[in-house]
2 protein chains.
Amino acid sequence: MNIGEVSTHTGLPAKTIRYYEDINLITPLRDDNGYRRFRDQDIHKLNFLGRARALGFTIDDCRTLLALYEDESRASADVKRVARDHLAQIDAKISDLRGMRDTLSHLVDACAGDDRPDCPILKDLGSKA
Amino acid sequence: MNIGEVSTHTGLPAKTIRYYEDINLITPLRDDNGYRRFRDQDIHKLNFLGRARALGFTIDDCRTLLALYEDESRASADVKRVARDHLAQIDAKISDLRGMRDTLSHLVDACAGDDRPDCPILKDLGSKA
DNA sequence: CATAAGGGTTCCAGTGACAGGAAGGTCAAG
DNA sequence: CTTGACCTTCCTGTCACTGGAACCCTTATG
């Protein structure tokens, strides 16, 4: 398979696939004309990466997970640790965002949103809390 | 005030303050020795920026908000629009993250996390869902 | 007076995970 | 033979800073 077809199959942009090769996440073969030729294992890896990235794992995490995936003698504890850490990060980010959202939605509600200049949003931002 | 003192007062790193000058968010004066000299209005702006950034507004949004802040004849509707748009983005991000968290927490719960290689997390990532 | 510590300055490079685009080679169809 | 769709590499830009090098200014101390 050429990169275009792989892109369609995996849902990953060709740019992204090339990038993944660049950083040594995958190593497709090359045809005589220089085109990348993707084997089933490459496509499998790309699907793995797509899933992992969709769950918000960093590229570094993906590298670790991929290595564990291919290591038959791994301990599931190692996988779980990576996932649990990432879960904690996600939770932290969610709670950050919720804090912002709560403050911001109060401010938005309090703002008339008309032609007048008076605005609680700006008033809040302008006050050193 | 010199940059160090301003940094302490505003809680912003000196690097960040210099960056904000670089991108023309603030324009402190200069002493004869080349040191930045910050007036009250500069510090006020920096506090504003700190608050706005803490609420997750982009630098571009901050620029807009700052301009509105200084425009006595603004319409609060303009402010509200910026804030509402940003709120929508935050909500979108939260729901993205919640989706990830739900999937991921199921997987983490399902994983034994022991010495054995069998792992539902990797199994899920490896299946093209 | 020399010096050392603790400010300040500029400029350059790196971050993460790609995306956009230019310049050019390759392939199948008409 | 040409057209258009594909592929290649390489360079730049994103966002909001952060780290570090190399150097200047100020104040206190031996």
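Lettering of chains follows the sequences in order, A, B, ..., and the numbering in each one begins at 1.
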Check nucleotides 14-16 of chain D for protein N or O atoms closer than 3.5 Å to its own N or O atoms and list the pairs.
{"from": "D/dA16", "atom 1": "OP1", "to": "B/Ile59", "atom 2": "N", "distance (Å)": "3.2"}
{"from": "D/dA16", "atom 1": "O3'", "to": "B/Arg53", "atom 2": "NH2", "distance (Å)": "3.4"}

Q.
What verdict does the side chain to side chain contact (heavy atoms under 4.5 Å, CB included) test give for A/Gln89 and A/Lys93, after you've listed the backbone C-alpha separation in whole Å, the side-chain angles of each residue and the deciding distance to 0.1 Å?
A. CA-CA 6 Å; A/Gln89 302 241 353; A/Lys93 200 168 292 182; 6.0 Å; no
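- Counted by atom type alone, B/Thr58 and B/Asp60 present zero donor-acceptor pairs between their side chains at under 3.5 Å.
- To the nearest angstrom, P of D/dC7 lies 12 Å from CE of A/Met1.
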Q: Would you check, one step at a time, whether the test side chain to side chain contact (heavy atoms under 4.5 Å, CB included) holds for A/Phe38 with A/Leu46?
A: CA-CA 10 Å; A/Phe38 294 84; A/Leu46 286 171; 4.3 Å; yes
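- Under a 4.0 Å N-O distance rule, the pair A/Arg39/A/Asp42 qualifies as a salt bridge.
- Remark: of the listed residues A/Tyr20, A/Phe57, A/Tyr69, A/Tyr69 is the sole one forming a ring pair (Phe, Tyr, Trp, His ring centres under 6.0 Å) with A/Phe48.
- For A/Thr16, no side-chain nitrogen or oxygen approaches OP1 or OP2 of C/dA17 to under 4.0 Å.
- Whole-Å rounding puts the A/Asp22 CG to D/dT8 C1' distance at 13 Å.
- Distance CG (A/Asp31) to P (C/dA28): 11 Å, rounded to an integer number of Å.
- Spacing between atom NE2 of A/His86 and atom C1' of C/dG16 amounts to 14 Å, rounded to whole angstrom units.
- Taking atom CG on A/Leu12 and atom C1' on C/dC18, their separation rounds to 12 Å, with Å as the unit.
- For A/Ile17 and C/dA17, the CD1 to P distance is 17 Å, given to the nearest whole Å.
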Q | Letter per nucleotide, 5' to 3', of nucleotides 7-12 of chain C [B base touched, S only sugar-phosphate touched, - untouched; heavy atoms, 4.0 Å] | A | BSBBB-
**Q.** Residues A/Thr10, A/Ile17; criterion side chain to side chain contact (heavy atoms under 4.5 Å, CB included); working and verdict
**A.** CA-CA 10 Å; A/Thr10 59; A/Ile17 298 172; 4.2 Å; yes
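- Residues B/Ser76 and A/Asp118 have side chains that never bring a donor and an acceptor to within less than 3.5 angstrom of each other.
- Residues B/Leu122 and A/Arg74 meet the side-chain proximity criterion, which asks for heavy atoms closer than 4.5 Å.
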